[in-house]
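Report on the structure given below.
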Amino acid sequence: MFSITETDVPERVPKSSPPWVWVGFLFAGAFFILEVLFVVLDLDEASINVVLMLLVVGGWIYFLVCVYQIHKILDELSRSRYPISPGEAAAKHIIPFYNLYWLFKWPSELSDYLNGKGRVRIIPGAALGLMLLLAMLLRFFDGAIGMTFVFAVMMYISHKVKRHVKTVMGVTPDQLPPLPDPNMFSRPLETATSPAQGVVEDSRAG
């Protein structure tokens, strides 16, 4: 593992697109609607729990998709020098106990990278990790609120990454002004004849 600073190789515009984080809010919305219907319509608890569990699992999988996609962009930005690969970023979330550490590790690397480049400012990775941890814990009290909080944090992260990419796109080589011709510095200076000097020479000739 190593940190990438502004002194490293120039970034390149990534080919991958940012994740559609807003899709995650659809899982949270569906969870909330089912909770309301369960109370209002007095639905069967066993069947509704199965559907709610499927929504939680689906939202969790989509969270991992967002994490993967964000790290894929970072990998392309850094020319494959970013310390965390996309697959690693997503897969380590499913390792018991280690995943608690991982909730702080990858946001810290991401925050250090973006702040180190200086194109955008993002809050410290420890704060991002704490918000993600709280969001995960909230799922045990209310799945809709927990998922909403999770994807709200992911939307913030995705927004910062997209802004960073836009600044990289704004300084691509084809958009920079052309470099000066190096031969211009080797050309001898030509002595220009001023109008006053020309008049003096004409009077002398007369």
Side-chain angles (χ1 to χ4, degrees), residues 1-6 8 11 14 16-29 31-32 53 55-168:
M1 295 280 183
F2 61 91
S3 296
I4 297 178
T5 65
E6 63 274 7
D8 289 312
E11 295 176 305
S16 300
S17 301
W20 291 355
V21 182
W22 59 266
V23 173
F25 293 106
L26 298 181
F27 288 96
F31 195 101
F32 175 75
M53 182 59 64
L55 286 174
V56 170
V57 173
W60 173 247
I61 292 175
Y62 194 72
F63 165 77
L64 297 181
V65 171
C66 292
V67 172
Y68 177 92
Q69 196 66 18
I70 286 174
H71 282 80
K72 188 176 180 182
I73 292 174
L74 293 171
D75 181 71
E76 295 173 1
L77 267 172
S78 63
R79 301 175 185 268
S80 300
R81 298 193 178 201
Y82 192 75
I84 301 176
S85 68
E88 178 187 12
K92 287 188 175 180
H93 277 285
I94 62 177
I95 302 176
F97 302 108
Y98 184 84
N99 54 9
L100 297 177
Y101 161 77
W102 195 243
L103 281 175
F104 291 86
K105 177 59 177 175
W106 73 258
S108 296
E109 290 287 352
L110 182 145
S111 179
D112 290 344
Y113 177 85
L114 294 183
N115 288 330
K117 291 297 182 180
R119 302 183 188 276
V120 298
R121 299 301 299 174
I122 186 172
I123 63 176
L128 292 172
L130 181 59
M131 288 189 290
L132 285 174
L133 178 61
L134 291 175
M136 298 298 178
L137 294 176
L138 277 174
R139 292 184 308 165
F140 295 103
F141 297 96
D142 189 281
I145 296 177
M147 281 193 285
T148 299
F149 196 5
V150 166
F151 287 106
V153 177
M154 291 304 297
M155 180 163 283
Y156 170 78
I157 294 173
S158 179
H159 172 69
K160 291 296 183 178
V161 172
K162 285 190 288 187
R163 284 189 59 189
H164 182 92
V165 171
K166 285 183 178 179
T167 62
V168 174

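In this chain, residues are counted from 1 in sequence order. Just so it is clear, the model here is predicted, and its values are computed rather than measured.
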NZ/K160 to CD1/I123 distance, rounded to the nearest 0.5 angstrom? 9.0 Å
Apply side chain to side chain contact (heavy atoms under 4.5 Å, CB included) to residues V165 and R119 and explain how you reach the verdict. CA-CA 9 Å; V165 171; R119 302 183 188 276; over 6 Å; no
Show your reasoning for whether ring-ring contact (aromatic ring centres under 6.0 Å, His included) applies to F25 and W22. CA-CA 5 Å; F25 293 106; W22 59 266; 9.3 Å; no
Just to verify, what does S158 make a side chain to side chain donor-acceptor pair (under 3.5 Å) with, not counting sequence neighbours? none
Using distance alone, with no hydrogens and no angle criterion, decide if H93 and W106 have a side-chain donor and acceptor under 3.5 Å apart. yes
On a heavy-atom basis, which atom in P14 and which in L77 lie closest, and how many Å separate them? CD-CD2, 3.8 Å
What class does the angle between the rings of Y113 and H164 fall in, given that below 30° is parallel, 30 to 60° is tilted and above 60° is perpendicular? tilted
Please confirm whether the backbone N or O of I122 pairs with a side-chain atom of Y156, one donor and one acceptor, at under 3.5 Å? no
Verdict with supporting geometry, F32 and D142, side chain to side chain contact (heavy atoms under 4.5 Å, CB included): CA-CA 9 Å; F32 175 75; D142 189 281; 5.8 Å; no
Donor-acceptor pair, side chain of H71 and main chain of V67, under 3.5 angstrom: yes
Evaluate side chain to side chain contact (heavy atoms under 4.5 Å, CB included) for K72 paired with D75, printing each intermediate quantity in order. CA-CA 5 Å; K72 188 176 180 182; D75 181 71; 5.6 Å; no
Check whether any side-chain heavy atom of I73 sits under 4.5 Å from a side-chain heavy atom of P18, and report yes or no. yes
Tell me if a side-chain donor or acceptor on S111 pairs with a main-chain N or O of S108 at a distance below 3.5 Å. no
Closest non-hydrogen atom pair, T148 against A144: OG1-O, 2.7 Å
Quick one: does E109's side chain have a donor or acceptor within less than 3.5 Å of a partner on I84's backbone? no
Any non-hydrogen side-chain atom of F104 less than 4.5 Å from a side-chain atom of L133? yes
Could you please spell out the steps behind the side chain to side chain contact (heavy atoms under 4.5 Å, CB included) verdict for V23 and F151? CA-CA 9 Å; V23 173; F151 287 106; over 6 Å; no
